[in-house]
Amino acid sequence: MRSIADFSKAFRSNELLVGTFVKTPDPAVFEVLARSSLDFVVLDAEHAPFDRRDINICVLAAREGNLPVIVRVPSGDAVWLQQALDVGASGVIVPHVRTPAEAQDIVRLSHFGPGGRGYAGSTRAADYTRRNIPTHLEISAKSVIVIAQIEDNEAINHSFDIAAVNGIDGVFIGPVDLSISMGKTSPGDDNVRRAMEQIAADVRRAKKAVGTFVNNSSDIDNYRSLGLGFVLVRSEQSFMLSGADAACSEIRAAQNVR
């Protein structure tokens, strides 16, 4: 059974985990998805209009349903990382990680320690002062997941060193931005496919989890060589559109109306 408490262990053991992006800053969306079969969701604060209050209340709604939330922050800035983790997110995805040095900074700022994440015992993550300092430090070190997103041409040859950084738990390959960065328009391009395979092989060699975005099960077949440990399938917007289209098609077909 899905559990926030067990999420980090499952992620690091490279179990196949299925999640989706959430683009709508409304807690009801997270409340509904917590009743689905998804293993986790990614709150997309990079490309959707989530402010600090939105992140807080949406993570709260997901946690009430025991649904792990990873926040894709707009950048590796300390403020974004700390806000996401203080409100109880299970981890973060940081976009456009290009070098091992950037990965090291992300890890440092996502964890407590010298020059790292600022400590506050009054946060949801610290159970609103109910955890003492040693307990919160220990739990956070074990439970926080840090994912580097590789989606730039210049990062391809650094992918092993990025993944090998101590504290990077996984790498998310952004297929569309990677395609555009390489001057292509489709993740199906042969050059993009080879780049994704190289990145995935490097991440696996570093013994970290590798994931990417898929639209459907045929994408999974196409990406089988990547050895995916986690998959992000579509988004709640896509689910609504496809569900609405399917329902309309069924009704029209039943009534012999085109």
Side-chain angles (χ1 to χ4, degrees), residues 16-25 29 38 40-50 70-77 80 92-100 102-103 106 147-163 168 170-206 208-246 248-249:
L16 178 62
L17 300 174
V18 180
T20 194
F21 282 111
V22 180
K23 311 281 189 173
T24 307
V29 174
L38 291 166
F40 70 106
V41 294
V42 173
L43 184 159
D44 191 3
E46 182 192 13
H47 290 298
F50 286 89
I70 300 289
V71 175
R72 181 160 72 174
V73 293
S75 72
D77 182 81
W80 279 107
V92 290
I93 295 179
V94 180
H96 296 289
V97 178
R98 299 176 177 90
T99 67
E102 291 178 358
I106 292 162
I147 302 170
Q149 184 161 323
I150 292 182
E151 52 190 337
D152 297 279
N153 191 33
E154 59 264 43
I156 296 171
N157 290 331
H158 297 296
S159 54
F160 172 77
D161 292 326
I162 289 170
I168 291 293
V171 166
F172 177 75
I173 304 172
V176 177
D177 274 346
L178 183 63
S179 302
I180 294 170
S181 177
M182 295 176 66
K184 309 299 181 181
T185 58
S186 169
D189 180 273
D190 287 343
N191 290 325
V192 177
R193 174 67 61 81
R194 283 192 289 270
M196 293 181 68
E197 289 175 348
Q198 178 185 329
I199 294 167
D202 286 344
V203 176
R204 293 197 308 271
R205 185 158 58 94
K208 304 293 177 66
V210 59
T212 194
F213 173 82
V214 300
N215 274 310
N216 48 50
S217 58
S218 64
D219 282 347
I220 290 290
D221 290 336
N222 293 334
Y223 290 153
R224 199 166 297 280
S225 62
L226 301 185
L228 298 174
F230 64 102
V231 174
L232 287 167
V233 55
R234 305 196 297 181
S235 70
E236 95 289 0
Q237 294 172 339
S238 178
F239 294 154
M240 286 190 288
L241 286 168
S242 60
D245 287 345
C248 288
S249 296

request  = Determine the minimum heavy-atom distance between Pro25 and Phe50, stating which atoms define it.
outcome  = CA-CE2, 3.3 Å

ask   = After noting the C-alpha distance and the side-chain angles of Leu232 and Phe40, does the key distance pass the side chain to side chain contact (heavy atoms under 4.5 Å, CB included) rule?
value = CA-CA 9 Å; Leu232 287 167; Phe40 70 106; 3.8 Å; yes

query = Which is it for Asp177 and His96 under the side chain to side chain contact (heavy atoms under 4.5 Å, CB included) test, yes or no, and what are the steps along the way?
reply = CA-CA 9 Å; Asp177 274 346; His96 296 289; 3.8 Å; yes

ask   = Do you know the tightest heavy-atom contact between Val92 and Ile70?
value = C-CG2, 3.7 Å

message = Nearest 0.5 angstrom please: Leu17 CG to Leu38 CG, how far?
response = 11.0 Å

ask   = Are any side-chain N or O atoms of Lys23 and backbone N or O atoms of Gln237, one a donor and one an acceptor, separated by less than 3.5 Å?
value = no

inquiry  = When you measure from the side chain of Thr20 to the backbone of Val233, do you find a donor-acceptor pair of N or O atoms at a distance under 3.5 Å?
reply    = yes

task = Would you please test Ile162 and Glu102 for side chain to side chain contact (heavy atoms under 4.5 Å, CB included) and show each step?
result = CA-CA 8 Å; Ile162 289 170; Glu102 291 178 358; over 6 Å; no

query = Rounded to the nearest 0.5 Å, how far apart are CD of Gln198 and CD1 of Ile150?
reply = 10.0 Å

ask   = Are the charged groups of Arg224 and Asp221 less than 4.0 angstrom apart, N to O?
value = yes

inquiry  = Any non-hydrogen side-chain atom of Ser186 less than 4.5 Å from a side-chain atom of Ser179?
reply    = no

ask   = Should Tyr223 and Pro175 count as side-chain neighbours, where that means a heavy-atom distance under 4.5 Å?
value = yes

ask   = How about Ser218 and Asn216: does a side-chain donor come under 3.5 Å of a side-chain acceptor?
value = yes

query = Which heavy atom in Asn191 sits nearest to a heavy atom in Met182, and how many Å separate them?
reply = O-CE, 3.5 Å

inquiry  = Is the shortest side-chain heavy-atom distance between Val171 and Gln149 below 4.5 Å?
reply    = no

request  = Say whether, by atom type as modelled, one donor and one acceptor occur between the side chain of Glu236 and the main chain of Thr24 under 3.5 angstrom.
outcome  = yes

task = Mark yes or no for whether Arg204, through its side chain, and Leu226, through its backbone, hold a donor-acceptor pair below 3.5 Å.
result = yes

message = So Arg193 and Asn222, do their side chains get closer than 4.5 Å, heavy atoms only?
response = yes

Distance in Å, Thr212 OG1 paired with Met196 CE, rounded so as to fall on 0.5 Å steps = 3.5 Å

ask   = Side-chain contact, heavy-atom cut-off 4.5 Å: Ile199 with Leu178?
value = yes

query = Is any side-chain heavy atom of Pro100 closer than 4.5 Å to a side-chain heavy atom of His158?
reply = yes

query = Would you call the rings of Phe21 and Phe172 parallel, tilted or perpendicular if under 30° counts as parallel and over 60° as perpendicular?
reply = perpendicular

inquiry  = As an exercise, state the distance from OG of Ser181 to CZ of Arg98, rounded to the nearest 0.5 Å.
reply    = 8.0 Å

task = Starting at OG of Ser225, measure out to CZ of Arg194 and round the result to the nearest 0.5 Å.
result = 12.0 Å

remark   = Separation between CZ (Arg72) and CD (Glu46), nearest 0.5 Å, reads 4.5 Å

ask   = Taking all atoms of both residues into account, what is the closest heavy-atom pair of Val231 and Leu228, and its distance?
value = CG2-CD1, 3.9 Å

query = Do any N or O atoms from the side chain of Lys208 and from the backbone of Ala163 form a donor-acceptor pair under 3.5 angstrom?
reply = yes

inquiry  = If you apply the rule side chain to side chain contact (heavy atoms under 4.5 Å, CB included), what do you find for Ile173 with Glu151, and how did you get there?
reply    = CA-CA 6 Å; Ile173 304 172; Glu151 52 190 337; over 6 Å; no

query = Which heavy atom in Ala148 sits nearest to a heavy atom in Ile168, and how many Å separate them?
reply = CB-CD1, 4.2 Å

Residue that, paired with Val71, satisfies side chain to side chain contact (heavy atoms under 4.5 Å, CB included) out of Leu43, Val94, Ile93 = Leu43

